[in-house]
Amino acid sequence: MTELSTRYSPNENEDKWLKFWEEKNVFHAQANPDKKPYSIVIPPPNVTGILHMGHALNNTLQDILIRYKRMTGFETLWMPGIDHAGIATQNVVEKQIAKEGKTRQDLGREEFLKRLWEWKKQYGDTIIRQLEKLGASCDWQRTRFTMDEHYSEAVRHTFITLYEKGLIYRGQRIINWCPRCQTALSDEEAQHKEINGSLYYIRYSFKENPHDSVTVATTRPETMLGDTAVAVNPTDKRYKKFIGKTLILPLVNREIKIIADELVDPKFGTGAVKVTPAHDPNDFAMGKKHDLEFINIMHPDARLNEKAGHFSGMSRAEGRKAVLEALKQGNLLEKIEPHTHAVGHCYRCDTMVEPYLSRQWFVKMKPLAQPAIDVVKKGKIKFYPSRWTKVYLNWMENIQDWCISRQIWWGHRIPVWYCRDCHNDNAPIVSKITPQECPQCHSKNIYQDEDVLDTWFSSWLWPFATLHWPEKNKDLEYFYPTSALSTAPEIIFFWVARMIMAGLEFMGDIPFSDVYIHGTVRDAKGRKMSKSLGNAIDPLEIIKEYGADALRFSLIMNSGQDLFISKEKFEIGRNFANKIWNASRLILMNIPEGENNFDLANLNNQKTLDLPSRWILAQFYATLEKVDKALDKYRFSEAETLIYDFFWGNFCDWYLETIKDKFSDKNTRIVAAGILEQTLKMLHPFMPFITEEIWHKFNPHAGSLAVAAWPTINKQLIDKKAQGQMKAITELINVIRNIRMHWNIDQHASVECFVQAKTENESDLIKENSGIIKILAKISNLSVERNLPKPKDAATGIAGKLKFYIPLAGVIDIEKEKGRITAQVKNQAAAVKDLSKRLKNKDFLKKAPKEVVEKERARLETLQAKIKELKTALKELF
RNA sequence: GGGUGCAUAGCUCAGCUGGUUAGAGCGCUGCCCUCACAUGGCAGAGGUCGAAGGUUCGAGUCCUUCUGUACCCACCA
């Protein structure tokens, strides 16, 4: 007899098991030649991160995989770690020092970095602790940081290797510039958003003939201050005669030429385009081609600079207003049309990105992309769900060079030095260690590149740099390539694609074979959950209130696609945990102190077990088989639903209800406790805490359930006959209950039941299981006869092939009973009609598979028999 | 401008290779605080599976078109 409280309270248990797991070191992985490796690298959360629902979902998914594989005998490594998140983290600390009224420039680089490291030390492991609370079974001893010394070396090594291969170069190009963060961004970091803007039509007049003009259309009138040409399509008849003519740029009075370029679409706007080579990627290309002047009219913070004449000093928005006003004054603004277009925004601060001409470092991507395309096309790497394959390939096939330099301070400094004496801008010193002098002129007057590398330039090494690459070692050899990667769809380009390229380039092998892409967590209205919208549900709050198991279980329940979350959705997990708790409680209360070997293999002679036991064993193993299959295919919610339905719908609702008075039987105890134990194992990856808790109630001296062996399928115990027989019994009980409810029989009152069995088998089945029927349907006296006259004032029930009577003198109303049965006849009639029609169809008989025809025929017979019985019952009422 | 999802009960979603009278949770109705659990039990109501065509003996499931909706990508100013 074990005393447990009637409600499961997760908080008392969860911390206890966290400590237990840590003390027993159960999540630690070591290269072990006797086992197969299974490894996952965590998508490293930002060092600024706090746990949100997306993390909770993604890390639960990974934990399910890891715990499942650990229990099925793999040496499992789940590598945890944190990303330094360059821009994001720098922004946080900049805000912090802003409160002191200072900027990073005030502090200077060294002092600012000191503050960043202090910040990292203080807050850097917040999210790690939160992931632990979620139950994530990472090998925490290995926790990595993308700016660890080892890791930084890997980053430098990578840069140098690619540079030497000619895959990294420095170039003057138009890049995405965030005027607020004041750094370059990659194309992926500029996120396009639809803007309802305007298209402005501006007149540029000819130098020769100031009364005549060409009208250009632009969405960004302020950039006209940097125009150095107007372009038209060479085939455009309207403008052919003007090519080569000179225009006077309004407001600036610069002479600019009309050039011809097929980049110009004659159908857009007026067919004449103003060309601003320093502020637009297309114009930049034309500028190069036609040898135009590049006039940068902006400061790095997007204020107009001295090149903008008397507009200098204005912000881009003010500048636009002022330029438009000036144009209007000069009657140069022909018209304004509404126009929506997509504009890039900084993915960190949401500021509108400026296409900006500057000198940056780039990675040449095409050569890296090709092998990464091949491995996916060949199926060496598979995406789950598979539709993401196309998204990946499409991006890879159109890949652009990657801008990797950032004008911030927090990150991996670019390992490049320049010499002031020989001005080697074009032959920089690229070195893993800080050089002492210029190798050319031996000058000591050298300085390092001011910039740092894109955060993703370190993250793309994650699957192997966390294993101390480039150093050769056992772990790297054993755990690489990793097995699976789970992440959000928006990370495919940033990270997944780049890891595949890096893995192939540096390790010569894929970084993982399976990529699982999970859904987006949204609120009940379908909006993305975010702090700024104020619609976020804090997973920690759910853990506090309902427990980590409930959070995990509820999140996975509908994780097949995007999740629409509201607080009530977590009740399903809480309720299920409570159900598990109470079912365990029932069993524990009925097991003698000290009895603890419930190995199902110990059941002597399984054939002699009673029907419910044979049935529940069959149901369990059938479920296990399906759960295995679902997990192997990354069908998490399906696996979970299978266990839920089995445990609640079969084990609790039926099995436990049938054995409440049979706990004195040893076999019953073994089956009940044994199935529970096996279910706990099956459930452990989903709900690690409560399963561990109950496991130890049954096995007080056992080790962690996390390292217990996953149950193995015993196909012999999937007893089809028992499943069929139990179905007949439960159906009988259901129909009796229905009749009781229909006639408002007091729930505590017992009734009599007379069953008519047509065969010896049926009769035996009912007799053997009369105990269950009596308890579950509240029957006082159950008699089974081959031939049975209808008792007086009795209700008639048909359950499958069985007909039975329940005497209800004084309760039953003959007219109402007629109505009840007639409704049932009607209910079946439609199906009978449909079936017989199908069975008369010659094409169906000829073309459908035999089994299907047979099945339909059998169904029709059963239904017809049932209707016949119902009709007889109706007659008997007269 | 390309691409990808989704549309099934009042709500949120299952329904895998086409084959019983389409399922679950929540909500709703009725009855039960029965000694595992009211975070519970039992019974029940509720669906012409977005629309129109097509393939097939047979379509929620496959194909085409359409409508609505969500998201992703893209240097037409």
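In what follows, chains are A, B, ... by sequence order, proteins preceding strands, each numbered from 1. Since the structure is predicted, the reported quantities are computational estimates derived from the model, not experimental observations.
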At under 4.0 Å between heavy atoms, what does [X] touch on the DNA or RNA strands: base, sugar-phosphate, or nothing?
{"X": "A/E851", "value": "nothing"}
{"X": "A/F493", "value": "sugar-phosphate"}
{"X": "A/R737", "value": "sugar-phosphate"}
{"X": "A/V852", "value": "base"}
{"X": "A/E490", "value": "nothing"}
{"X": "A/K842", "value": "nothing"}
{"X": "A/W743", "value": "nothing"}

Exercise. Could you go through the side-chain contact (heavy atoms from CB on, under 4.5 Å) check for A/L185 and A/W177 one step at a time?
Key: CA-CA 6 Å; A/L185 299 172; A/W177 180 267; over 6 Å; no
Which atom pairs link the protein and nucleotides 75-77 of chain B when you take only N or O atoms and keep those under 3.5 Å?
unit_1	atom_1	unit_2	atom_2	d
B/rC75	O2'	A/N282	ND2	3.3
B/rC75	O2	A/N282	OD1	2.4
B/rC75	O2	A/N282	ND2	2.9
B/rC76	O2	A/D265	OD2	2.8
B/rC76	N3	A/D265	OD2	2.9
B/rA77	N6	A/D265	O	2.8
B/rA77	N6	A/F268	O	3.4
B/rA77	N1	A/D265	N	3.3

Quiz prompt | Rounded distance (Å) that lies between atom C1' of B/rG5 and atom NZ of A/K390 | solution =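 A/K390 atom NZ is separated from B/rG5 atom C1' by 12 Å.
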Quiz prompt | From CD (A/E354) to NE2 (A/H279), nearest 0.5 Å | solution = 7.0 Å
Practice problem: State yes or no: are the ring centers of A/F294 and A/F284 separated by less than 6.0 Å? | Solution: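 Distance test on ring centres: under 6.0 Å, yes.
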Quiz prompt | Ring centers of A/F636, A/Y516 separated by less than 6.0 Å | solution =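 Between A/F636 and A/Y516, the centre distance is under 6.0 Å.
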Out of [options], whichever nucleotide has its closest atom nearest the side chain of [X]:
{"X": "A/D834", "options": "B/rU21, B/rC16, B/rA36", "answer": "B/rU21"}
{"X": "A/I572", "options": "B/rU39, B/rG25, B/rA36", "answer": "B/rG25"}
{"X": "A/R635", "options": "B/rC16, B/rC37, B/rU20", "answer": "B/rC16"}

Quiz item: Name the stems with RNA chain B in them: runs of three or more consecutive Watson-Crick or G-U pairs, distances under 3.5 Å?
Solution: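 Paired runs of 3+ in RNA chain B: B:1-7 with B:67-73, B:10-13 with B:23-26, B:28-32 with B:40-44, B:50-54 with B:62-66.
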Interface polar pairs with nucleotides 44-47 of chain B, N/O, under 3.5 angstrom:
unit_1	atom_1	unit_2	atom_2	d
B/rG44	OP1	A/N738	ND2	2.4

Under 3.5 Å, which protein N or O atoms sit close to an N or O of nucleotides 29-33 of chain B? Give each pair with its distance.
unit_1	atom_1	unit_2	atom_2	d
B/rC31	O2	A/Q747	NE2	3.2

Quiz item: Given side chains that start at C-beta, do those of A/D661 and A/I775 come closer than 4.5 Å, heavy atoms only?
Solution: yes
Practice problem: State whether the distance check finds a donor on one side and an acceptor on the other, under 3.5 Å, for side chain A/R387 versus base B/rU4. | Solution: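 When only heavy-atom distances are counted, A/R387 does not reach the base of B/rU4 through any donor-acceptor pair under 3.5 Å.
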Quiz prompt | A/Q723: partners by side chain to side chain donor-acceptor pair (under 3.5 Å), with sequence neighbours left out | solution = A/Q619
Self-check item: A/R552 charged N/C atom sitting above A/F686 aromatic ring, 6.0 Å / 45°
Solution: no
Practice problem: Between B/rA9 and B/rG44, how far apart are the C1' atoms? Round to whole Å, please. | Solution: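 Here B/rG44 and B/rA9 have their C1' atoms 14 Å from each other.
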Measure all distances between protein nitrogen or oxygen atoms and nitrogen or oxygen atoms of nucleotides 56-59 of chain B, and list the pairs falling under 3.5 Å.
unit_1	atom_1	unit_2	atom_2	d
B/rC57	OP1	A/K847	NZ	2.4
B/rC57	O2'	A/N841	ND2	3.2

